[in-house]
Amino acid sequence: MIVQIVSIFYMVFFYSLFSRELLYGVHSFFVDGYRILLEKVSAMFIAHFIVQCCMLFFVYGIYTIIYLLVGIENSEIYLSMFRFLYIYMLAPLILTLIYGVLVAMLLGTKKISFFAILFLWIITGSVSTEVFFPFFSTVQANELKSLLFIGMNNIMLVYKPFIGFDVHWGNELKLISWFLIFLGIILLSSLRWTIRTRERRLVINVLLAVLVLFTVTSYSAVKLSMKAFSTADNTIETDYYMNIEETESDLRYEIDSYVISMEGTHVSVEVNLSHLDTLEPTFQLYHAYPVREIIADGEQVDFERSGDIIRIFLISDSSSLTFHYNIVDTNFVPIKEGRTVLLANYAWYPKKRASHMYEFNEYIDWIQLSEHFFNQESYHFTLESEEVLFSNLQRQGELYKGEAEALTIIAGQGNQLIYGDYRITYPADWPNMKERVPTVLSQLEVTLNEAQQLAPTLVQSLPKKIVFSNYGLSSLLTTDHLVYNTGYPGSVDSYDTMKDFQKRILQLAVPKKGSDKLHGEWVNMASQFLRKKLELPIELEGRSMESYHLPKVEQEIIEGLYQHYYQLSFEQRHKFLKDWYEEMDNTWDWEKVDKLIKEWR
């Protein structure tokens, strides 16, 4: 916003300065007056550039000092912050000179020129995507229309943990494209002041070169722009899963081990099978990843895709299948310049699953990851990749190996610390984690132990490898690692973060039973029970916010359910919640829950 405000003053200043220069027309008194005119513009540009660079380093210095004082450790965040500042502060302010000069050339001292400046300020500002959100919310990152803005697609998502700021080569190339196109317009407008034919011919040649460069940079910007911060890409990806239909699956096989090799975005996955009872096995693999080929016993085989389900047509029994595909940047699984977060609950490698990666949840009235981890599941993984920030596998030389339910790798900006037996990975911008981790781990351990008194959990103890994040990652829990998304930008030990520990742990650790609605409300009631037992404050006591989206009849039953629940003693509440979970199955509805609590009452 500060850049947006300052930029209009610069535009007016340079317009006023250059329009007076053209008004006097001193440059037309000399044979080489056109060259002098260009030299004056160039001198203005160099002076403006030097001043703005000084301001850039001044602002960067202030942020760096503040970050260091609050305890943010030395990491890649300082480099990406510098890139963020020169893209969204330096570059827009440099372009203001070009806007002012252009308006002066086209309109001179006419009063309409101020309306032209105002128009340019609105449509080319660094917050234009917020001003014209209804339009830009429909523009994907890889569309030509994305060249119309140099601002962020969504200011609230300018930073994602482990991925970083909204900066990448697509941004720089887009800025270069804007610079070239306005430079071309200025040169074209200046032709009326050329006196000699040789000057005119030279300017035209330069214009042609600028046009060629603009075509190259704009095309490259569209191809390289990142989708992680694009509202339209998120909407399209969400709609895809909201409307996707179930696909028939054939899971009559057993997987023994995975051998995964990653070279940049190229991935090769060898799936070794211990048992195969079908010639048309199906695997779950994220639909956005293009499969180049699938090899069985050294021969390429045919396959077809339906959403995230791949069906392979084998000629004969095979003991292994090799998938060759590319990891591409998407809104749900972003990749940026070697930074990628591939979690165990994503279908980033072929999995034995019958569902798509996301499925609709009627309780939250939205899509959610369909992945469910099972205790009996265990595979041997071998991963060959460049050094990563985090993996739930043990590193052995240049490889990562081990037994696991599923595989998570994070290659991005972040930090790690060791606390007791725990290995903690956290975003680069989280300060003073050494002081905050003990409180958080203690709360998580106690919560998991208390949850086990209500229902059987997928894990018996808190995993020793933990990844913390806020926006951008989903939460998951396996026997060997926990990925916890706080959902808040504040510190990890703040009240806003820790007030959700009980609900999140129940969602992650307790296997889902019954319908989405019943299980979700059980989690809500059980989490409030645990907070009361641990003598922790409850922000909103009563039925869940999600229940307000249900039909009115169901809302009335749920409201009555809580009224009966509050009349029970503390010990009775514990036994009721335990019985509810034990007896609940897919045939249960609200009437059965109501009947159960009335029996307890």
Side-chain angles (χ1 to χ4, degrees), residues 1-56 89-128 131 148-151 175-211 213-214:
M1 294 300 294
I2 293 175
V3 172
Q4 184 81 352
I5 293 170
V6 171
S7 62
I8 194 168
F9 291 104
Y10 276 128
M11 290 166 69
V12 172
F13 170 76
F14 287 113
Y15 158 76
S16 178
L17 187 68
F18 198 67
S19 61
R20 286 197 299 267
E21 177 74 28
L22 295 176
L23 182 64
Y24 292 117
V26 177
H27 56 274
S28 60
F29 297 164
F30 307 96
V31 174
D32 56 352
Y34 181 72
R35 179 176 61 83
I36 295 173
L37 182 71
L38 294 183
E39 287 175 349
K40 287 182 178 179
V41 175
S42 301
M44 287 168 55
F45 183 84
I46 292 171
H48 184 52
F49 179 78
I50 291 173
V51 170
Q52 295 311 312
C53 283
C54 292
M55 292 299 297
L56 170 68
M89 189 188 90
L90 175 66
L93 293 179
I94 292 298
L95 288 172
T96 56
L97 180 145
I98 297 177
Y99 301 152
V101 169
L102 179 61
V103 173
M105 281 186 166
L106 294 176
L107 301 175
T109 56
K110 296 177 182 177
K111 292 182 179 180
I112 196 176
S113 58
F114 288 99
F115 290 99
I117 289 174
L118 185 63
F119 177 74
L120 279 172
W121 177 65
I122 293 173
I123 67 169
T124 63
S126 51
V127 293
S128 61
V131 176
L148 294 175
F149 65 90
I150 58 173
L175 287 167
I176 292 172
S177 300
W178 276 62
F179 178 82
L180 288 172
I181 195 65
F182 280 107
L183 176 63
I185 297 173
I186 287 176
L187 290 174
L188 186 63
S189 304
S190 70
L191 284 173
R192 57 177 166 168
W193 287 291
T194 57
I195 300 175
R196 292 178 290 186
T197 304
R198 183 164 60 87
E199 287 179 339
R200 189 176 292 107
R201 188 181 298 115
L202 180 61
V203 172
I204 291 173
N205 289 334
V206 173
L207 271 171
L208 292 173
V210 167
L211 181 61
L213 286 174
F214 168 77

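Hydrogens, waters and symmetry mates play no part in the numbers below; they use all other heavy atoms, side chains included. Residues take their numbers from the sequence shown, with the count starting at 1.
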When rounded to the nearest 0.5 angstrom, what distance separates [atom1] in [X] from [atom2] in [Y]?
{"X": "Ser113", "Y": "Leu120", "atom1": "OG", "atom2": "CG", "answer": "11.0 Å"}
{"X": "Leu93", "Y": "His48", "atom1": "CG", "atom2": "NE2", "answer": "6.0 Å"}
{"X": "Phe114", "Y": "Trp121", "atom1": "CZ", "atom2": "CH2", "answer": "15.0 Å"}
{"X": "Phe14", "Y": "Ser19", "atom1": "CZ", "atom2": "OG", "answer": "12.5 Å"}
{"X": "Leu188", "Y": "Leu102", "atom1": "CG", "atom2": "CG", "answer": "10.0 Å"}

Backbone N or O of [Y] within a donor-acceptor pair of the [X] side chain at under 3.5 Å?
{"X": "Ser128", "Y": "Thr124", "result": "no"}
{"X": "Tyr15", "Y": "Gly108", "result": "yes"}
{"X": "Ser16", "Y": "Val12", "result": "no"}

Counting only heavy atoms not in Met55, do more than 12 sit closer than 6.0 Å to its CE atom?
->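 Counting other residues, nucleotides and ligands, CE of Met55 stays at 12 neighbours or fewer.
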Heavy-atom closest contact (Glu199 atom, Thr194 atom, distance) |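 What the structure gives for the nearest pair is OE1-CA, 4.0 Å.
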Minimum heavy-atom separation for Met89 to Leu56, with atom names?
->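 Looking at all heavy atoms of both residues, the shortest contact is CE-CA, 3.3 Å.
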If we only count heavy atoms from C-beta on, is the Phe18 to Val41 side-chain gap below 4.5 Å?
->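 The answer is yes, as the side chains (C-beta and beyond) meet within the 4.5 Å cut-off.
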Side-chain contact, heavy-atom cut-off 4.5 Å: Trp193 with Leu22?
->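 They are in side-chain contact.
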Apply the test side chain to side chain contact (heavy atoms under 4.5 Å, CB included) to residues Tyr34 and Val203: give CA-CA distance (whole Å), side-chain angles for both, the deciding distance (0.1 Å), then the verdict.
-> CA-CA 11 Å; Tyr34 181 72; Val203 172; 3.4 Å; yes
Where does the angle between the aromatic ring planes of Tyr99 and Phe182 fall among parallel (under 30°), tilted (30 to 60°) and perpendicular (over 60°)?
->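 Taking Phe182 first and then Tyr99, their aromatic rings stand perpendicular (interplane angle over 60°).
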Residues in side chain to side chain contact (heavy atoms under 4.5 Å, CB included) contact with Ile123, at least two apart in sequence or another chain |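 Partners of Ile123 by the side chain to side chain contact (heavy atoms under 4.5 Å, CB included) criterion, ordered by chain and then number, come out as Phe119, Phe132.
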